[in-house]
Trainee: 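This is the structure I have questions about; it appears just below.
In this text the structure is predicted, and so the values were computed from the model without any measurement.
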Amino acid sequence: MIRDATPADVPVIHAMVRDLAEYEKALDEARATEEQLRDALFGERPAAFAHIAEDDASGEVVGFSLWFLNFSTWRGVHGIYLEDLYVRPEARGGGHGKALLTELARICVERGYERLEWSVLDWNEPSINFYKSLGASPQDEWTVYRLTDGALAGLGAAAA
């Protein structure tokens with residue numbers, strides 16, 4: 001059901017990234033190209049990793065996870081940051097999301113990583129309830145900040 005992504009999976013991963021962005025009401029922000037994903041996942045210096053969920057009966061790709069390593073100075077070890085977890089609507093409830101997260105947890109345990117983290121939109125109650133059912137806990141005391149576009153360019157130019 002779960003396998004490592006291959007370069008041949010890039011088009012379907014790209015399509016699901018766009019589906020996820022549409023679900024999250026941010027399709028206009030999803031600017032990554034297939035080539036960028038291919039380079040990030042399978043280029044000379046991969047910066048991210050992906051797993052594919054396939055339907056057992058049909059072999060059809062029904063979901064994916066895309067992740068990268070982070071590092072905890074408090075724990076002194078790497079962890080996994082899950083950038084995207086997506087299961088197509090018609091396949092939800094079939095155990096694919098749990099299987100993808102289980103694979104990432106297995107990797108953490110096997111490699112001695114002490115954290116598996118991700119973000120979820122505060123309005124996404126189905127996902128929040130699913131994550132809580134697995135034992136995940138919200139980090140309510142932390143707020144995510146982000147620099148992009150003009151703010152990022154302005155701050156970067158200030159350093160020059």
Trainee: For Ala5, enumerate each residue passing the side chain to side chain contact (heavy atoms under 4.5 Å, CB included) test, keeping only those at least two apart in sequence or located in another chain.
Mentor: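 With neighbours one apart ignored, the set is Asp9, Ile13, Phe42, Ala50, Ile52.
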Trainee: Can you check whether Phe71 reaches Leu69 side chain to side chain, under 4.5 Å on heavy atoms?
Mentor: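 SC-SC contact between Phe71 and Leu69 ruled out.
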Trainee: Could you tell me which residues satisfy salt bridge (charged side-chain N to carboxylate O under 4.0 Å, His left out) with Glu114, sequence neighbours excluded, listed by chain and number?
Mentor: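 So Glu114 forms a salt bridge (charged side-chain N to carboxylate O under 4.0 Å, His left out) with Arg75.
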Trainee: Using the salt bridge (Lys or Arg N to Asp or Glu O under 4.0 Å) rule, collect all pairs that involve residues 127-144, keeping only residues at least two apart or in two chains.
Mentor: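 Salt bridge (Lys or Arg N to Asp or Glu O under 4.0 Å) check on residues 127-144 returns no pairs.
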Trainee: Just do the side chain to side chain contact (heavy atoms under 4.5 Å, CB included) check on Leu82 and Ser65 with the steps written out, would you?
Mentor: CA-CA 7 Å; Leu82 175 61; Ser65 63; 3.8 Å; yes
Trainee: Considering only heavy atoms from C-beta outward, does the side chain of Val77 approach that of Arg111 to under 4.5 Å?
Mentor: no
Trainee: Nearest 0.5 Å, what's the CG-CG distance between Leu116 and Asn70?
Mentor: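 Reported value, rounded in 0.5 Å steps: 9.0 Å.
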Trainee: After noting the C-alpha distance and the side-chain angles of Asp84 and Phe64, does the key distance pass the side chain to side chain contact (heavy atoms under 4.5 Å, CB included) rule?
Mentor: CA-CA 8 Å; Asp84 285 338; Phe64 80 105; 3.8 Å; yes
Trainee: Report the residues that fulfil ring-ring contact (aromatic ring centres under 6.0 Å, His included) with Trp123, sequence neighbours left out, ordered by chain and then residue number.
Mentor: Tyr23
Trainee: Is there a path from Val62 to Val12 through hydrophobic residues (I, L, V, M, F, W, Y) whose side chains come within less than 4.5 Å of each other?
Mentor: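 No, separate clusters.
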Trainee: Specify the closest pair of heavy atoms between Met1 and Gly94, including all atoms of both residues, with the distance to one decimal.
Mentor: CE-O, 4.4 Å
Trainee: How would you list all residue pairs meeting side-chain hydrogen bond (donor to acceptor under 3.5 Å, both in side chains) that involve residues 88-97, not counting sequence neighbours?
Mentor: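 Applying side-chain hydrogen bond (donor to acceptor under 3.5 Å, both in side chains) to every pair that reaches into residues 88-97, excluding sequence neighbours, yields nothing.
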Trainee: Apply the test side chain to side chain contact (heavy atoms under 4.5 Å, CB included) to residues Arg115 and Ile80: give CA-CA distance (whole Å), side-chain angles for both, the deciding distance (0.1 Å), then the verdict.
Mentor: CA-CA 6 Å; Arg115 290 184 178 164; Ile80 286 178; over 6 Å; no
Trainee: Donor-acceptor pairs are to be reported for all side-chain atoms of residues 97-107 against protein atoms at under 3.5 Å, with residues two or more places apart or in another chain.
Mentor:
from, atom 1, to, atom 2, distance (Å)
Thr102, OG1, Lys98, O, 2.7
Glu103, OE1, Arg106, NE, 3.0
Glu103, OE2, Arg106, NE, 3.4
Glu103, OE2, Arg106, NH2, 2.7
Arg106, NH1, Glu110, OE1, 2.8

Trainee: Only pairs at least two apart or in different chains count here, so list each ring pair (Phe, Tyr, Trp, His ring centres under 6.0 Å) that has a residue in residues 128-151.
Mentor: Trp118-Tyr131
Trainee: Show the nearest heavy-atom pair for residues Ser127 and Val120, with the distance to one decimal.
Mentor: CB-CG2, 4.0 Å
Trainee: Linking Ile, Leu, Val, Met, Phe, Trp and Tyr through side-chain heavy atoms less than 4.5 Å apart, which residues share a cluster with Phe68?
Mentor: Tyr81
Trainee: Just how far is it from atom CG of Asp122 to atom CD1 of Ile128, taken to the nearest 0.5 Å?
Mentor: 6.5 Å
Trainee: Taking only residues two or more places apart in sequence or in another chain, which ones pass side chain to side chain contact (heavy atoms under 4.5 Å, CB included) with Glu35?
Mentor: Thr33, Arg38
Trainee: How would you list all residue pairs meeting side-chain hydrogen bond (donor to acceptor under 3.5 Å, both in side chains) that involve residues 44-55, not counting sequence neighbours?
Mentor: Arg3-Glu54, Asp4-His51, His51-Trp67, Asp55-Ser58
Trainee: Using side-chain hydrogen bond (donor to acceptor under 3.5 Å, both in side chains) as the criterion, list what pairs up with Asp149, not counting sequence neighbours.
Mentor: Arg31
Trainee: Hey, could you give me the CE/CG distance between Met16 and Leu66, rounded to the nearest 0.5 Å?
Mentor: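 The CE atom of Met16 sits 10.0 Å away from the CG atom of Leu66.
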Trainee: Counting N and O atoms only, with roles assigned by atom type, does the side chain of His14 sit under 3.5 Å from a partner on the main chain of Ala32, one being a donor and the other an acceptor?
Mentor: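 Indeed, once roles are kept as given, a pair shorter than 3.5 Å links the two residues.
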Trainee: Roughly how far apart are Glu24 CD and Tyr86 OH, rounded to 0.5 Å?
Mentor: 10.0 Å
Trainee: With rounding to the nearest 0.5 Å, note down the distance linking OG1 in Thr148 to CD in Glu29.
Mentor: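 Atom-to-atom, Thr148:OG1 and Glu29:CD are 7.5 Å apart.
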